[in-house]
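Everything below concerns the one structure shown next.
Only a predicted model underlies this, so the values are computations on that prediction, with no experimental measurement involved.
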There are 2 protein chains.
Amino acid sequence: MTYCVGLLVRNGLVVIADTRTNAGLDNIATFKKLHLFERPGERVITVATAGNLGISQSVINLLQEGMEHPETGEVETIFSFPTMFKVAQFVGRAIREVYRLHGKAMEHSQASFDVTLLVAGQVKGGRLRLFMVYSAGNFIEATADTPYLQIGEHKYGKPILDRAVTFDTDLPEALKLGLISMDSTIRSNLGVGMPIDIAVIRRDGITVEIAHRIDRTDGYFLDLRERWSAALRAAHQAIPAPPYGLPAATPLN
Amino acid sequence: MTYCVGLLVRNGLVVIADTRTNAGLDNIATFKKLHLFERPGERVITVATAGNLGISQSVINLLQEGMEHPETGEVETIFSFPTMFKVAQFVGRAIREVYRLHGKAMEHSQASFDVTLLVAGQVKGGRLRLFMVYSAGNFIEATADTPYLQIGEHKYGKPILDRAVTFDTDLPEALKLGLISMDSTIRSNLGVGMPIDIAVIRRDGITVEIAHRIDRTDGYFLDLRERWSAALRAAHQAIPAPPYGLPAATPLN
């Protein structure tokens with residue numbers, strides 16, 4: 001399992017990914033799922049992956065090593081494209097190339113061709129954008145109405161985002177909310193685990209402002225978990241007791 | 001979709017169920033999913049249902065109208081059994097009877113035989129117990145280690161339960177936490193909706209202490225939602241900003 005979330009707010013972008021992979025509960029490992037492609041001042045792109053690790057690693061390799069353009073024969077990499085839209089299309093092409101190589105054989109051995117990616121960043125002269133690319137290579141984009149996208153185990157960490165994140169959320173606040181969302185997911189799904197990789201990109205900065213791995217001993221994250229738990233406890237304790245009694249006249253059954 | 005949760009704490013039992021059913025997003029209706037079977041002083045049983053409405057309504061009818069005992073031929077209802085364990089077994093038998101009548105034909109028309117029930121309550125002289133009965137008719141029971149069980153769309157409302165509910169949680173607090181869990185689910189899944197039915201049974205009371213329907217105009221629930229949202233906002237705003245910067249020596253990719 002996996003949990004990755006991208007938050008695109010007015011001032012920039014936050015991408016957070018866990019690092020746990022598992023093939024069954026008895027085969028757990030740590031793999032990086034958050035990848036950075038950066039040429040400061042020219043482009044900065046993050047790609048976070050969920051789904052089959054073999055597929056996602058192959059896709060990342062194709063983005064770096066490049067693929068031949070179907071007509072010109074020229075080798076193109078993730079650094080070749082002038083806009084984020086074209087980068088998202090290229091990522092989709094890479095997924096379809098991996099499907100061409102392995103898809104049929106995987107399906108033959110009952111392994112579903114399952115991969116989803118968050119592709120986000122900015123190319124100089126263009127906008128900061130956040131896309132979710134599906135296993136068919138098609139994609140959607142986050143907008144001001146829905147400024148975050150999740151891949152993998154998204155449900156446990158969604159309520160806090162639904163409540164708190166808007167396009168006008170401040171960048172450090174967006175990072176904080178993403179970490180709270182990750183914490184809720186880690187608590188409820190064994191398949192999502194530490195360490196956590198984070199990337200923060202300020203709009204029009206065209207560089208990675210923060211790239212950091214949060215491990216089990218990270219003081220800030222431990223403190224965030226503790227404060228959040230304590231605040232939730234205080235919050236539900238402060239709500240008055242329910243006033244309901246048994247209305248004899250309206251039996252439920 | 002559906003969300004029902006049962007919480008079994010030291011002082012009693014809380015069961016909460018939404019009332020929305022849908023056959024596709026364009027066919028939404030309100031149906032009761034929380035059913036009470038009560039003879040005060042003798043037994044009190046709640047049954048909450050998730051899954052195919054045709055199956056769950058048939059099961060509820062069989063529990064009320066009864067089924068013949070396979071050997072004695074005697075008609076038994078949910079009121080016939082001396083222990084909650086035997087009640088849970090009976091509910092399982094009712095599910096298998098519905099499967100016998102409709103299962104093959106449903107599978108033939110690609111409708112999966114999908115139903116899950118929370119069966120909880122107390123028969124005089126026995127313990128207050130909470131079971132989850134699966135579509136095969138087998139079941140598990142909540143214990144002091146894991147004092148709550150959920151059916152239907154369980155993920156959005158699970159984090160608050162994971163954090164806050166223990167066997168020693170007070171009964172009104174358990175109701176409050178169940179309502180917060182329901183609120184989180186309603187916010188994130190359109191298939192779960194108001195009104196909400198609640199039942200509260202005090203241990204050894206052998207009667208329903210609270211049976212109530214919470215509708216959209218319910219002042220307490222509106223206040224709980226507002227307080228909870230405000231408290232979450234205050235909670236994440238009170239957490240300090242993340243201290244992370246870009247460590248130039250450890251690039252992420």
Side-chain angles (χ1 to χ4, degrees), chain A residues 32 34-38 153 155-160 162-164 170 172-173 175-177 179-180 184-185 187-189 197-200 207-214 219-220 223-224 227-247 250-253, chain B residues 32 34-38 153 155-160 162-164 170 172-173 175-177 179-180 184-185 187-189 197-200 207-214 219-220 223-224 227-247 250-253:
Chain A
K32 187 174 62 173
L34 180 57
H35 304 268
L36 285 179
F37 304 91
E38 186 190 18
E153 172 60 272
K155 290 192 178 182
Y156 296 118
K158 190 160 180 285
I160 181 63
D162 281 344
R163 288 173 192 274
D170 198 29
E173 196 67 16
L175 174 55
K176 207 195 293 176
L177 289 162
L179 291 175
I180 292 170
S184 295
T185 310
R187 277 176 189 269
S188 291
N189 188 324
D197 287 327
I198 62 174
V200 177
T207 186
V208 178
E209 182 157 315
I210 301 173
H212 184 68
R213 173 161 285 191
I214 296 173
Y220 176 76
D223 180 62
L224 173 141
R227 282 175 186 258
W228 184 247
S229 285
L232 291 194
R233 250 189 326 270
H236 69 76
Q237 285 164 359
I239 295 174
Y244 310 118
L246 175 63
T250 57
L252 211 59
N253 203 57
Chain B
K32 186 173 62 174
L34 180 58
H35 305 268
L36 284 179
F37 304 91
E38 186 190 18
E153 172 60 274
K155 290 192 179 182
Y156 297 118
K158 190 161 181 284
I160 181 63
D162 281 343
R163 287 173 192 275
D170 198 28
E173 196 68 17
L175 174 55
K176 205 197 292 176
L177 289 163
L179 291 175
I180 292 169
S184 295
T185 310
R187 278 176 190 268
S188 291
N189 188 324
D197 288 327
I198 62 173
V200 178
T207 187
V208 178
E209 183 158 316
I210 301 173
H212 184 70
R213 173 161 286 192
I214 297 173
Y220 176 76
D223 181 60
L224 173 141
R227 282 175 187 256
W228 185 246
S229 286
L232 291 194
R233 252 190 322 273
H236 71 75
Q237 284 164 0
I239 295 175
Y244 310 118
L246 174 63
T250 58
L252 210 59
N253 203 58

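- Once rounded to the nearest 0.5 Å, the distance linking CH2 of A:Trp228 with NE2 of B:His236 reads 6.5 Å.
- Residues A:Ala211 and A:Leu36 come closest through the heavy atom pair CB-CD1, 3.8 Å.
- Looking at A:Asp197 and A:Ile214, their side chains never come closer than 4.5 Å, going by heavy atoms from C-beta outward.
- For A:Gln237, the parts lying under 4.5 angstrom from a heavy atom of chain B are both the backbone and the side chain.
- One finds the CG atom of A:Leu175 at 10.0 Å from the NE2 atom of A:His212 (value rounded to the nearest 0.5 Å).
- Relative ring orientation between A:Tyr220 and B:Tyr244 is described as perpendicular, the plane-to-plane angle rising above 60° on a 0-90° scale split at 30° and 60°.
- The candidate from A:Arg187, A:Lys176, A:Arg227 with the greatest count of non-hydrogen atom pairs under 4.5 Å with chain B is A:Lys176.
- Chain A forms the most heavy-atom pairs under 4.5 Å with one residue out of B:Ser184, B:Gly157, B:Ala234, and that residue is B:Ser184.
- Looking at A:Ala238, the atoms closer than 4.5 Å to chain B (heavy atoms on both sides) all sit in the backbone: N, CA, C or O.
- Looking at A:Arg163, only its side chain comes within 4.5 Å of chain B, counting heavy atoms on both sides.
- Heavy-atom pairs under 4.5 Å with chain A were tallied for B:Ala164, B:Ala230, B:Ser188; the largest tally goes to B:Ser188.
- The residue among B:Pro240, B:Ser229, B:Ala235, B:Pro243 with the most heavy atom pairs within less than 4.5 Å of chain A is B:Pro240.
- Heavy-atom pairs under 4.5 Å with chain B were tallied for A:Leu179, A:Asn189, A:Leu232; the largest tally goes to A:Leu232.
- To the nearest 0.5 Å, atom NZ of residue B:Lys155 and atom OG1 of residue B:Thr185 are 12.5 Å apart.
- A:Leu177 touches chain B through its side chain: at least one heavy atom from C-beta onward sits under 4.5 Å away, while N, CA, C and O do not.
- Contact check for B:Phe37 versus B:His35: side-chain heavy atoms found under the 4.5 Å cut-off.
- Contact count versus chain A (heavy atoms, under 4.5 Å) is highest, among B:Pro172, B:Pro159, B:Ala231, for B:Pro159.
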